[in-house]
Number of protein chains: 2
Amino acid sequence: MTFEEAKDKFIHTWGTLATQWGINRSMAQLHAVLLISPEAMSTEDVMEQLQISRGNASMNLRDLMDWGLIYKQLKPGERREFFIAEKDIWKVARQVAKERRRREITPVVEVLDELKAIPTDTPESIEFQRVMAGLSNVVSFADNTLNAVIKAEENWLMGQFLKVFR
Amino acid sequence: MTFEEAKDKFIHTWGTLATQWGINRSMAQLHAVLLISPEAMSTEDVMEQLQISRGNASMNLRDLMDWGLIYKQLKPGERREFFIAEKDIWKVARQVAKERRRREITPVVEVLDELKAIPTDTPESIEFQRVMAGLSNVVSFADNTLNAVIKAEENWLMGQFLKVFR
DNA sequence: TTGTAGTTTCAAAATAAATTGAAAGTTTAT
DNA sequence: ATAAACTTTCAATTTATTTTGAAACTACAA
């Protein structure tokens, strides 16, 4: 397999995979392209490489910035904007964990807490309670696990930071 | 909030949440309904409760069985099939972890292993290698974490099993 | 100002995914 | 065998999501 083929395969695979999670193809492919590019790229560059429209590129680049996965880079003397991906993959994982936690875990916790509070009189409501309690536990576990990832890396970064001043 | 309201809220919330993961609304709502039902339910029952078509119910009940989240139950003297959900929420979590691992992690590992093998000559291909190696690490971590969930519960089950013969 | 290079927005079009419903298929009882 | 009760399948429809492209907007330069 040549480098070009490998590159295409990666971009393509990443796009397909992302669809299974809630992420759209363009966004995943934009991320893939920027991840493996040693240079910052302009909107025009990525549009051409992925054969997508200007609007699509613009919107998804913004979403990627909202997720904290890519950054704008201004080149001196250049009018247009360039984009560069966060290259520390653990930081990428941390960002994704953070976002997913915020979007997916937090709202469930809130609803479950609310639903755990209903009275248990009938057999149906007792069963309901049991399920809510069980789900609460599982969700807490997921939440703690994600937090561990997020915090572990933060602590590691903090460690590196402190070394400098030792 | 009355019990009926809580029930509706749970079913509705679960359906919405599921969409963010790759699961469709009907499947999630069917699961929710069966989870909180103390009794096994017929296809007709769930169709009526969720106001969905026979075909939709049939297909999604099958998918839920494929995921190992619900079971068929035959009632003596009854011709039609009844469905009951796996009520051990940790077992549910374990099943979901297993399925997602199989569908989402395994294929990525394969592609990454293949892509890690390309030659590193140009600056571009060196960068590419770095990214692939980094992703490999992260994916391995996710894989190990999921496995820990899966195995922890299996060991626990195995422990319970062995107790009987002690 | 006015023009130019660039970015963002958003209604409309294209694409993808979920759902329906009726026909075909199964199983059991008579 | 035939019918009745029930389940599955799948082409057609509906719904939801993604993508396009051109107009509106912004920032800068002459």
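Reckoned from all heavy atoms, side chains included, excluding hydrogens, waters and symmetry mates. Naming: A, B, ... by sequence-line order, numbering from 1 per chain.
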Under 4.0 Å, heavy atoms only, any strand: does A:Glu81 hit a base, just the sugar-phosphate, or nothing?
sugar-phosphate
Between C1' on D:dC28 and CG on A:Leu74, what's the gap in Å once rounded to a whole number?
14 Å
May I have the distance from A:Gln29 (atom CD) to D:dT19 (atom P), rounded to whole angstrom?
9 Å
When you match B:Gly55 and A:Thr19 each to their closest nucleotide on DNA chain C, which lands nearer the 5' end?
A:Thr19
Provide, to the nearest angstrom, the distance between the CG atom belonging to B:Leu61 and the P atom belonging to D:dT7.
10 Å
Derivation and outcome, salt bridge (Lys or Arg N to Asp or Glu O under 4.0 Å), residues B:Lys9 and A:Glu114
CA-CA 10 Å; B:Lys9 180 154 191 173; A:Glu114 190 180 0; 2.9 Å; yes
Let's see if you can work this out: which of D:dT9, C:dT19, C:dT7 has an atom nearest to the side-chain heavy atoms of B:Arg62?
D:dT9
Check this one for me: any side-chain N or O of B:Ser26 less than 4.0 Å away from OP1 or OP2 of C:dT19?
yes
Strictly below 4.0 Å: does B:Ser53 bring a side-chain N or O up to OP1 or OP2 of C:dT19?
no
Atom CZ of B:Arg80 to atom C1' of D:dC6: distance rounded to whole Å?
10 Å
Between atom CD in B:Glu44 and atom P in D:dT8, what is the gap in whole Å?
13 Å
In whole angstrom, give the distance that lies between atom CG of B:Asn56 and atom C1' of C:dA22.
15 Å
Any N/O donor-acceptor pair, A:Arg79 side-chain to D:dA27 base, under 3.5 Å:
yes
With hydrophobic residues grouped by side-chain heavy-atom distances under 4.5 Å, do B:Ile84 and B:Ile11 end up in a single group?
no
Per A:Thr43 side chain, nearest of listed nucleotides C:dT7, D:dC10, D:dT8
C:dT7
Could you state the CH2-C1' distance from A:Trp21 to D:dT17, rounded to the nearest angstrom?
20 Å
A:Glu124 CD to B:Phe3 CZ distance, which is reported to the nearest 0.5 Å
4.5 Å
Does B:Arg100 make a cation-pi contact with A:Trp21, if we ask for NZ or CZ under 6.0 Å from the ring centre and within 45° of the axis?
yes
Given D:dG21, is OP1 or OP2 found less than 4.0 Å from the side-chain N or O atoms of A:Arg54?
no
Roughly how many Å is it from CD in B:Glu78 to C1' in D:dT7, rounded to a whole number?
15 Å
Which listed nucleotide (C:dT8, D:dT17, D:dT9) is nearest to the side chain of A:Ser58?
C:dT8
Compare side-chain N and O positions of A:Asn24 against OP1 and OP2 of D:dT19 and report whether any pair is under 4.0 Å apart.
yes
Between B:Asn137 and B:Ser140, is any side-chain donor less than 3.5 angstrom from a side-chain acceptor?
no
